Amino acid sequence: MSSEKRRLIAGNWKMNGSIQDANDFMDAFGGNPAPDHVEVALMPPFTLLHPMSDRLASIGVALGAQNVYYEDKGAFTGSICPMMLRDAGCHYVILGHSERRSIIGESNAQIRNKMNASWLHGLEPILCIGETLEQREKGITNAVLAEQLAILKGAPRDAALTVAYEPVWAIGTGVTASVDQVTETHAFIHEELNRLGHDCRVLYGGSVNPGNAEDLMACPGVEGALVGGASLKADSFMEIVKAAVKAAS
Ligand code: PEP
């Protein structure tokens with residue numbers, strides 16, 4: 001299942017990190033150990049994009065943002081447009097993270113607007129999808145994921161895209177989806193993506209850590225990870241990168 005795709009390990013720092021933290025991280029992180037097999041990317045908060053950009057590039061780590069607004073410029077106080085992210089050296093932008101869907105109230109329609117704007121300016125969206133525990137227990141996981149993926153209808157088939165399956169109940173909770181759940185759900189997501197005309201990488205996200213990364217990265221249909229908490233420390237992030245390298249080789 002798409003085993004030829006280069007895996008991606010992406011670190012989402014969320015609303016964490018000072019300049020000092022960023023420098024400490026980059027001093028300790030040795031760089032991408034296997035760029036042929038695995039791509040490494042980091043998504044720090046907006047304030048750290050410029051300060052981290054050159055140094056991350058020099059150690060083979062791509063840069064991404066955690067959000068973007070869909071207008072090009074103007075009276076949108078507090079917002080950041082795609083061109084500003086490109087200017088700061090970003091390749092990726094996380095869209096539709098469950099924290100933005102549930103806390104900020106972001107809708108699928110807004111996420112699609114952000115996606116279009118990102119593509120227009122050469123950013124690669126990492127589209128996050130995932131079900132809540134209640135939805136899983138009701139047996140409607142696939143329906144929820146299909147609805148979240150439906151925003152890809154009519155999108156250019158060759159548009160740069162990565163999808164991250166992040167069960168909401170596994171994010172920041174220390175609870176990870178089982179290997180069977182991950183395998184089964186990734187198979188459904190790949191099927192749905194193929195139906196929509198997209199053959200992109202699908203990452204797993206939700207409490208990935210050095211202790212579970214090897215098993216998760218070995219699941220069929222998993223082509224990398226979106227990592228929150230464990231990406232804040234260089235050593236734990238590197239362990240996860242190494243697990244992906246092992247799974248890829
Ligand atoms: C995330 O922020 O996307 C995430 C998966 O967080 P954590 O790894 O901390 O669960």
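Atoms within a ligand are numbered from 1 in the order they appear, just like the ligands themselves. Note that the structure is a prediction, hence the values are computed from the model and not measured.
Shortest non-hydrogen contact noted between Ala230 and Val227 is CB-CG1, 3.7 Å. Between Ala117 and Pro82, the shortest heavy-atom contact is O-CG, 3.7 Å. When all heavy atoms are compared, the tightest approach of Thr176 to Ser207 is OG1-O, 3.9 Å.
Within 4.0 Å of ligand 1, the residues that place a heavy atom are Asn12, Lys14, His97, Glu166, Ala170, Ile171, Gly172, Gly205, Gly206, Ser207, Leu226, Val227, Gly228, Gly229, listed by chain and number.
Comment: Lys114 does not engage Glu71 in a salt bridge, judged by the lack of any side-chain N to carboxylate O separation of less than 4.0 angstrom.
Below 30°, between 30° and 60°, or above 60°: for Phe25 and Phe29 the angle between ring planes is below 30°, a parallel geometry.
In summary, the side chains of Glu239 and Ser236 do not present any donor paired with an acceptor at a separation below 3.5 Å, with no hydrogens or angles considered.
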